[in-house]
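See structure below.
A note on names: the letters A, B, ... follow the listed sequences, proteins ahead of strands, and every chain is numbered from 1.
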There are 2 protein chains.
Amino acid sequence: MARRSDSLSRDRIVAAAIEVLDAAGESGLTFRVLSERLATGPGAIYWHVANKGELLAAATDAVVVAALTEEPASGSPQDRLRAVALGLFDAVDEHPWMAAQLSAGAWQAGGPRIVEAVGRQVRALGVPPRDWFVTATVLVQYILGAAAQNAANARSAGPDTSREEMLDAMATRWEALDPQEWSFTRTVGDQMRHHDDRDQFVAGIDIAVAGIAALYPAS
Amino acid sequence: MARRSDSLSRDRIVAAAIEVLDAAGESGLTFRVLSERLATGPGAIYWHVANKGELLAAATDAVVVAALTEEPASGSPQDRLRAVALGLFDAVDEHPWMAAQLSAGAWQAGGPRIVEAVGRQVRALGVPPRDWFVTATVLVQYILGAAAQNAANARSAGPDTSREEMLDAMATRWEALDPQEWSFTRTVGDQMRHHDDRDQFVAGIDIAVAGIAALYPAS
DNA sequence: ACCTGAACACCGTTCAAGT
DNA sequence: ACCTGAACACCGTTCAAGT
């Protein structure tokens, strides 16, 4: 018996949730809004999904799967690590509501998938097996943490002020700080004003790769 | 005119909020609960604090300030960087509700303070001035991201199951994954089972420090 | 098995009114 | 200037009742 194509299913609910989240953010995802879009009552959703947390986790997982399957299998381990990392970075940038889910850690939501994709490059990089877990986890924590923070920054600008205006305002504030108490922050205001988020993110990957190469020579 | 010591003030509100957050988590912090503890009405709080978001940011900032002032000023830059990082890590571990705030990024809540504390060590490490901002920001993103994910993990165990039980259950699940699709994750299950969170966190700092040393020799 | 939709027990926030 | 507390417009979630 083929199911009516417009009947409810977990997948349809998750897909609709992603659309609502992209359009209105996490606070905009409501069981009432969602059930209206799906032409049902709020209670119907609970037959397929346990609660809002599970729905958010499922939505995150779906986006992570999509981001990781785009990954190309060519190039050096370094290049592929960068590609995996940037794929996740861009996914979080496009779906900022994922940030809160992903900072819930590597063993939730899309966690294991990310560990697998990153870990394969760690292995290819020549890290000795006994340090696979730590190394992969450190990279995953950096990737997810940086992506989450970046998405939050982008969102905090709001639709009214541009990224440039926000950065400029903040840089100006940093530059006006007391030179004694803020001797470092004060001097990097201008670098913040002109930085590129993606370049900054990749710089972190490159530091990690350099560190891994230094800690595990030979190869 | 000295104010009555039991009158409301922003500081008293923030202090009470931290107590409630520590005891009941973010979802336990309610304007009703908070006003009851402060012996007022919910509306009174709004005279001192704009909204719940501002209250959470203020609470986070207060904890960050406390965590950073404990920092000792002795030792090598590497040691001091580790000390700053661990101070923040432990603070987030004790106050897990901070995680969500901190993954909102380095330029919110306690952000600049953290940039300052970390940046000073970056400077002392001999990183050339033109790369101060990127390097410090990468470290801050790792520190906050890793701390947030760790706190979320610790919390996800719940009061019923112990950390060990949770790790063991998850490791067993990883080890049972399909060897083709999960060739990496599968093999690190046992390392996950026996890892130490703090050591794992410090390993990330050490990778970054090694990377910085490799990228900027001389000194 | 799956869906309906009213109802419950909450929330954050506002605001007229008080002192 | 600061506080009160009722009221508003929501939420997530449940559950008897339907098909």
Q: Could you check whether the rings of A/Y46 and A/F31 sit parallel, tilted or perpendicular, using 30° and 60° as the cut-offs?
A: parallel
Q. How far apart are the C-alpha atoms of B/D93 and B/R198, what are their side-chain angles, what is the distance that settles it, and do they pass the salt bridge (charged side-chain N to carboxylate O under 4.0 Å, His left out) test?
A. CA-CA 10 Å; B/D93 199 52; B/R198 266 175 131 247; over 6 Å; no
Q | A/K52/A/E26 ion pair, N-O < 4.0 Å | A | no
Q: Write down the distance between CG (B/L34) and P (C/dC10), rounded to a whole number of angstrom.
A: 18 Å
(Q) With the threshold set at under 4.0 Å for non-hydrogen atoms, list the residues of residues 20-30 of chain B touching DNA chain C in residue-number order. (A) B/L29, B/T30
Q) Do any of residues 45-53 of chain A sit with a heavy atom less than 4.0 Å from DNA chain C, and if so which? A) A/W47, A/H48
Q) Between A/F201 and A/Y142, what is the ring plane arrangement, given parallel below 30°, perpendicular above 60°, and tilted in between? A) parallel
Q: Could you tell me the separation between the CD atom of A/E54 and the P atom of D/dT13, rounded to a whole number of Å?
A: 11 Å
Q.
Do B/W174 and B/D190 pair up side chain to side chain, a donor and an acceptor below 3.5 Å, judged on atom types alone?
A. no
Q) Should the pair A/W132 and B/F184 be assigned to parallel (<30°), tilted (30 to 60°) or perpendicular (>60°) ring geometry? A) tilted
Q: Grab the CG-C1' distance between B/L38 and D/dG5 for me, whole Å please.
A: 16 Å
Q. D/dC2 and C/dA17: how far apart are their C1' atoms, nearest whole angstrom?
A. 13 Å
Q. Toward the 5' end of DNA chain D, which comes first, A/R32 or A/A44, by nearest nucleotide?
A. A/R32
Q: Start with the C-alpha distance between A/R193 and A/E164, add both sets of side-chain angles, then the distance that settles salt bridge (charged side-chain N to carboxylate O under 4.0 Å, His left out), and finish with yes or no.
A: CA-CA 8 Å; A/R193 182 162 20 222; A/E164 280 70 29; over 6 Å; no
Q.
The side chain of B/L8 is closest to which nucleotide in this list: C/dT13, D/dC3, D/dT13?
A. D/dC3
Q | Base-pairing string, 5' to 3', of DNA chain D - Watson-Crick or wobble, under 3.5 Å, | interstrand | A | ||.|||||...|||||.||
Q. At their closest point, which heavy atom of A/A146 faces which heavy atom of B/Q141, and how far apart are they?
A. CB-OE1, 3.4 Å
Q: Return the minimal non-hydrogen interatomic distance between B/G87 and B/A67, and the atom names on each side.
A: O-CB, 4.0 Å
Q: Find the distance between CG (A/L29) and CG (A/L21) and round it off to the nearest 0.5 Å.
A: 4.5 Å
Q: Please determine if B/E116 and A/R186 form a salt bridge, counting it only when a charged side-chain N lies under 4.0 Å from a carboxylate O.
A: no
Q.
How many whole angstroms separate atom CZ of A/R10 from atom P of C/dC2?
A. 14 Å
Q) In whole Å, what is the span from the CD atom of B/E36 to the C1' atom of D/dC3? A) 17 Å
**Q.** Euclidean distance, atom CZ of residue A/F31 to atom C1' of C/dC8 [Å, nearest integer]
**A.** 16 Å
